[in-house]
Structures are given as structure tokens and as C-alpha cells.
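Note sheet for the following structure.
Computed from a predicted structure; not experimentally measured.
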Amino acid sequence: MMKLTKTIYFVLCLMVGISLSGCIEEFEADIPDEDSNLLVVEGSICANRINKFTLSHTQGVNSSYEPNMVWGARVSIYGTDGSEFVANQENGCYTCRIGDLKPDTEYYLHIEYDGEVYESEPQKPLRTEAIADVSGTQDTPESGIDVLITPDMPFDPDQTNYYSWTYDETWEVHSDYSTHMYFDTETMKRVYKNNLFPEVGWKDATGSTIMVGASTNYDGQRIQRLKLYDIDRSNERVYYMYSGIVYQRAITKAEYEYELARRQAGSEMGGLFTPQPSALPTNIHCLTSNKRVIGFVGCSLNTSEYRFFLNAKDFSIYYPQRDDAREWFENLSDEDCCRMVEKGMYLCEWDEIYDHGALIVKTAWAYDFQLDVRFKGAYIEKPDFWPQEEDDDESNKDE
């Protein structure tokens with residue numbers, strides 16, 4: 001395995017939570033000393049939300065793969081009206097709950113760490129339009145499912161509008177097999193009973209990428225049906241029912257350009273023309289020295305949300321074929337069935353067939369991890385927003 005370049009290691013620190021791997025040609029970049037051990041700040045100031053900020057340091061080529069997280073800092077959000085919101089260390093980042101922000105007040109992030117003081121540039125919070133629609137589309141039966149977004153009409157249709165999107169997702173999961181019977185070792189009979197194991201559950205995830213877009217090439221400066229992300233049609237997320245909730249923020253042109261530059265740095269993977277960390281645009285500065293800082297802190301007056309659903313029956317889903325992993329037996333004696341139960345297996349099927357007048361009983365047995373959906377990492381409490389089975393719910397928005 002060839003060494004990754006030093007440049008890539010710096011880029012990795014910028015893309016917290018995103019892993020890049022692969023073999024490339026070795027390139028010993030001439031990294032200036034001032035580009036090492038830079039403070040990296042990630043997060044935005046958003047009204048009526050829990051704000052999360054991650055602080056870390058860039059690392060050299062011989063450093064650990066673990067992010068060099070910064071702890072013990074004092075992180076606050078200040079307003080030019082004298083308001084202050086103090087962040088607490090929690091779950092690997094600095095978090096604080098913010099209520100309403102004043103549209104005519106400027107807000108900025110304030111960090112005190114290792115004898116230095118850092119601040120982002122004060123800015124008024126931007127209003128964000130609602131989301132008109134989020135939907136899924138599949139171009140061909142063999143293609144993935146694209147998730148498309150259309151914001152509402154912009155507040156100002158005479159200028160370019162810039163947005164940032166993130167998303168959370170939830171999807172339905174089923175166990176590999178189900179059973180509605182068990183073998184009673186006292187009566188030596190099969191007994192029918194429902195709900196022996198939870199067969200349906202749900203999983204959650206948070207999108208790992210911040211998507212950005214500009215309205216430059218759209219009529220009336222309104223983005224329409226812009227692709228946010230896609231899901232492979234063979235992914236378990238779309239086997240049954242999938243739901244996503246998209247969060248939209250209006251951002252400045254400077255924040256948009258920062259996100260594009262960061263993405264370019266990651267996609268070029270350390271090429272000769274990849275910008276060095278200190279060359280990335282930033283609105284955070286050290287007030288007590290000439291130390292460089294990486295990051296861009298935006299400020300939003302509101303965040304628009306939109307929840308949507310994708311139903312597997314509306315798309316061409318590929319379900320990989322699999323062999324029956326249960327254990328099948330013919331004409332097991334009662335003692336054999338008791339041994340199967342002692343072995344930790346559960347009765348799934350009981351088929352009685354006649355072959356030339358002779359009764360043949362075929363039984364299938366499975367383990368709990370094949371029958372209980374929780375072994376797949378799912379939880380079984382149905383989400384409040386999940387549609388009822390008989391409902392043909394349409395997507396709905398929650399502003």
C-alpha cells in the first residue's frame with residue numbers, strides 16, 4: 001500500500017467523518033510549516049436549532065488516522081446586541097441550543113483555546129425560503145433512485161440564490177425469515193402463535209455530505225429538481241419504505257465558494273493543483289496572533305425542512321437472490337425436534353405432503369438472529385411520522 005500524500009492527510013482533516021482510501025502515486029508535497037496543526041472549525045449558526053461545532057487540527061503524514069479533536073476550548077456565539085450562547089462539550093462536539101435570532105443583529109462564533117482567541121466574521125442571519133418539493137425519480141429500471149429538490153420561489157428573483165442542504169434518513173427493515181409457530185416440548189406438538197419475533201424495524205442515518213447549489217442557470221433564479229443524492233436500487237434502504245428529511249439553509253456566496261473549494265480539494269485527492277489548506281477561503285480569524293484557521297461559519301434566521309417518502313412498489317428495486325439459509329429436515333421425531341429447540345433453533349415451516357401414499361413432514365428451522373430484526377441493528381418502535389400500512393401517504397412538508 002503506497003503512502004498517501006501529505007496533502008491528502010490535510011484534506012482528510014477538513015472532511016471530518018468522511019473516509020477516503022485508495023492507492024495512488026506517491027507525491028512528496030512541499031507543505032509549508034504554517035499549514036501544519038491548523039485549527040479546523042465546522043458548523044453554522046442556525047436559529048431554533050441545536051447548533052453543533054466541531055474543532056480539530058490538521059495532521060501530518062505520520063499522524064494517527066483518528067481525527068485530532070480539540071477539547072477544553074471555550075466556544076460561544078455572540079450577537080452585536082450583547083447576547084451570548086455558550087456551547088457545551090457533548091458527544092464529540094460543542095453544542096448549544098439557540099432560539100430566535102434578530103434579523104438586524106450580527107452574530108459570530110467566538111473560540112478561546114490554548115491561549116488564543118478566534119472569531120468568525122459577524123453577519124446578519126439569512127432568511128431561507130421554504131421547500132416546495134422533494135421527490136424520488138428513477139430514469140431507467142436499472143438505474144439508482146435520484147432524490148430531487150425544488151425550493152419555493154426565492155425572496156429576491158433578481159439575484160443569484162445560494163443554498164446548503166443536509167438530510168437525515170429512516171428506512172424500514174425486515175428480518176430474513178418469519179415464523180408463526182413454535183414446537184412445544186411439553187405437548188410435543190407445533191403451536192401456532194403470532195408475534196413471536198419482531199419482524200419489522202427501522203434504521204436511522206445522517207447524510208455525510210453537505211450539498212450546495214446556486215440558482216445561476218435557472219429561470220427566475222429558482223432552482224428546480226436539483227439532484228441532492230442517489231440511492232442504489234439494490235440498497236436495503238429502498239427495499240420497503242424509505243423516508244428522508246431535508247434541511248435547507250440560505251447561504252452567502254462566500255460560504256458557497258468555501259464548500260465548493262473544500263469539495264474540489266477532496267475530489268482531486270492531492271493533485272498538483274489542489275489548494276493547500278491555508279489557501280481555502282475562510283471567515284474565521286485568530287485575533288491574538290497570525291495563526292491560520294480553516295472553516296466557514298454561516299448564519300441562518302431559519303432552516304426549512306421537508307419530509308418525503310419513497311415506496312418500493314413505485315420503483316424498480318433489485319433484491320439480490322439468496323439461498324435458503326434455514327435448516328430443512330424430513331420426518332423428524334419428537335426427540336429430534338426437542339434437540340433442535342435445545343440447540344437454540346426455532347420452528348419456521350411445517351409442510352405435510354404425501355408421496356405415493358406415505359406422509360412426509362418437512363420442517364424448516366432458523367436461529368433467532370434470522371428471525372429477529374433487531375439483530376440487523378434495527379429498532380422496533382415505529383416512528384411517529386411513519387405512514388400506516390393502509391395509507392398511501394403523499395410527501396408532506398414541515399416548515
Point to revise | Qualifying salt bridge (charged side-chain N to carboxylate O under 4.0 Å, His left out) pairs with a residue from residues 185-195, counting only residues at least two apart or across chains | key: R190-E352

Review point. Do Y239 and F308 belong to the same hydrophobic cluster, where Ile, Leu, Val, Met, Phe, Trp and Tyr are linked whenever their side-chain heavy atoms lie under 4.5 Å apart, directly or via other members?
Key: yes

Review point. What pairs with E172 under salt bridge (Lys or Arg N to Asp or Glu O under 4.0 Å), at least two apart in sequence or on another chain?
Key: none

Review point. If you measure from SG on C93 to CZ on F53, what distance do you get to the nearest 0.5 Å?
Key: 10.0 Å

Check your understanding: Are side-chain heavy atoms of V41 and Y118 found at a separation under 4.5 Å?
Key -> no

Point to revise | Pair E90 + R97, salt bridge at N-O below 4.0 Å | key: no

Exercise for review: If the plane angle is over 60° it's perpendicular, under 30° parallel, otherwise tilted; pick one for H174 and Y240.
Suggested key: parallel

Practice item. Look up atom CG in D168 and atom OG1 in T206, then write down how far apart they are to the nearest 0.5 Å. Key: 4.0 Å

Exercise for review: Name all residues meeting the side-chain hydrogen bond (donor to acceptor under 3.5 Å, both in side chains) criterion together with S83; count only those two or more places apart in sequence or in a different chain, and write none if there are none.
Suggested key: D81

**Study point:** Those residues that, when tested against R127, pass salt bridge (Lys or Arg N to Asp or Glu O under 4.0 Å) (two or more places apart)
**Key:** none

Practice item. Report the C-alpha separation of Y94 and W71 in whole Å, then their side-chain angles, then the decisive distance to 0.1 Å, and conclude whether the side chain to side chain contact (heavy atoms under 4.5 Å, CB included) test is met. Key: CA-CA 9 Å; Y94 296 83; W71 296 113; 4.1 Å; yes

Check your understanding: Just by distance, do the side chain of T282 and the backbone of F296 share a donor-acceptor pair under 3.5 Å?
Key -> no

Practice item. For residues 199-210, pull every pair meeting salt bridge (charged side-chain N to carboxylate O under 4.0 Å, His left out), keeping only residues two or more places apart or in separate chains. Key: K203-E236

Exercise for review: Working to the nearest 0.5 Å, report the span between OG1 of T95 and CG of N88.
Suggested key: 6.0 Å

Review point. Can you hop from Y78 to L126 via hydrophobic side chains spaced under 4.5 Å?
Key: no

Review point. With sequence neighbours left out, what residues match D176 under side chain to side chain contact (heavy atoms under 4.5 Å, CB included)?
Key: R322, K376

Practice item. Considering only NZ, NE, NH1 and NH2 on the basic side and carboxylate oxygens on the acidic side, decide whether R262 and E259 come within less than 4.0 Å. Key: yes

Practice item. Using a cut-off of 6.0 Å, state whether more than 12 heavy atoms not belonging to D156 lie near its atom CG. Key: yes

Point to revise | salt bridge (Lys or Arg N to Asp or Glu O under 4.0 Å) partners for R237, two or more places apart | key: E169

Check your understanding: With sequence neighbours excluded, what pairs up with E129 under the side-chain hydrogen bond (donor to acceptor under 3.5 Å, both in side chains) test?
Key -> Y163

Exercise for review: Check whether any side-chain heavy atom of Y218 lies under 4.5 Å from a side-chain heavy atom of L226, and answer yes or no.
Suggested key: yes

**Study point:** Member of T166, V246, L148, T209 meeting the side chain to side chain contact (heavy atoms under 4.5 Å, CB included) criterion with L228
**Key:** V246

Exercise for review: For N302 and T128, indicate whether the former's side chain and the latter's backbone hold a donor-acceptor pair under 3.5 Å.
Suggested key: yes

Point to revise | Gap separating the OG atom of S208 from the OH atom of Y167, nearest 0.5 angstrom | key: 6.0 Å

Point to revise | Residues that, via side-chain heavy atoms closer than 4.5 angstrom, fall in one hydrophobic cluster with I50 | key: none

Exercise for review: Would you please say whether a donor-acceptor pair under 3.5 Å links the side chains of D232 and Y318?
Suggested key: no

Check your understanding: Any donor and acceptor pair, going by atom type alone, linking the side chain of S120 with main-chain N or O of N283 inside 3.5 Å?
Key -> no

**Study point:** Any donor-acceptor pair under 3.5 Å from S76 side chain to E84 backbone
**Key:** no

Review point. What distance do L359 atom CG and N331 atom CG have between them, rounded to the nearest 0.5 Å?
Key: 7.0 Å

Exercise for review: If a pair satisfies salt bridge (charged side-chain N to carboxylate O under 4.0 Å, His left out) and one of its residues is in residues 134-150, list it, with sequence neighbours excluded.
Suggested key: D146-K227

Check your understanding: If you group Ile, Leu, Val, Met, Phe, Trp and Tyr by side-chain heavy-atom gaps below 4.5 Å, do V212 and I149 land in one group?
Key -> no

Check your understanding: Is it the case that more than 12 heavy atoms not belonging to Y319 sit under 6.0 Å from its OH atom?
Key -> yes

Exercise for review: Treating Ile, Leu, Val, Met, Phe, Trp and Tyr as nodes and any side-chain heavy-atom pair under 4.5 angstrom as an edge, say whether Y108 and L39 lie in one connected cluster.
Suggested key: no

**Study point:** Y162 and Y256 aromatic ring geometry - parallel, tilted or perpendicular at 30°/60° bounds
**Key:** tilted

Check your understanding: For E327, what residues pass the side-chain hydrogen bond (donor to acceptor under 3.5 Å, both in side chains) criterion, not counting sequence neighbours?
Key -> none

Practice item. Could you give me the CA-CA distance, side-chain angles and deciding distance for L196 and Y182, then say whether side chain to side chain contact (heavy atoms under 4.5 Å, CB included) is met? Key: CA-CA 9 Å; L196 287 171; Y182 69 93; 4.3 Å; yes

Practice item. Check side-chain hydrogen bond (donor to acceptor under 3.5 Å, both in side chains) between S175 and all other residues, then give those that pass, not counting sequence neighbours. Key: none

Exercise for review: Return yes if some donor-acceptor pair links the side-chain N/O of Q248 with the main-chain N/O of P151 below 3.5 Å, else return no.
Suggested key: no

Exercise for review: May I ask you to decide if the ring planes of F183 and W350 are parallel, tilted or perpendicular, using 30° and 60° as cut-offs?
Suggested key: parallel

Check your understanding: More than 12 foreign heavy atoms under 6.0 Å from CG of N194: is that the case here?
Key -> yes

Review point. Between I111 and E119, does a side chain to side chain contact (heavy atoms under 4.5 Å, CB included) hold up when you go through it step by step?
Key: CA-CA 6 Å; I111 302 170; E119 285 185 354; over 6 Å; no

Review point. Are any side-chain N or O atoms of N51 and backbone N or O atoms of G43, one a donor and one an acceptor, separated by less than 3.5 Å?
Key: no

Practice item. Examine distances only and state if a side-chain atom of Y107 and a backbone atom of K102 form a donor-acceptor pair shorter than 3.5 Å. Key: yes

Exercise for review: Start with the C-alpha distance between N48 and T303, add both sets of side-chain angles, then the distance that settles side chain to side chain contact (heavy atoms under 4.5 Å, CB included), and finish with yes or no.
Suggested key: CA-CA 8 Å; N48 299 305; T303 302; over 6 Å; no

Point to revise | Interatomic distance, R326 atom CZ to Y367 atom OH [nearest 0.5 angstrom] | key: 14.5 Å

Practice item. Kindly say whether D372 contributes a backbone atom to a donor-acceptor pair with the side chain of Y177 at under 3.5 angstrom? Key: no

Point to revise | D133 side chain to I131 backbone, donor-acceptor under 3.5 Å | key: no

**Study point:** Whether S44 side chain and C46 backbone form a donor-acceptor pair below 3.5 Å
**Key:** no

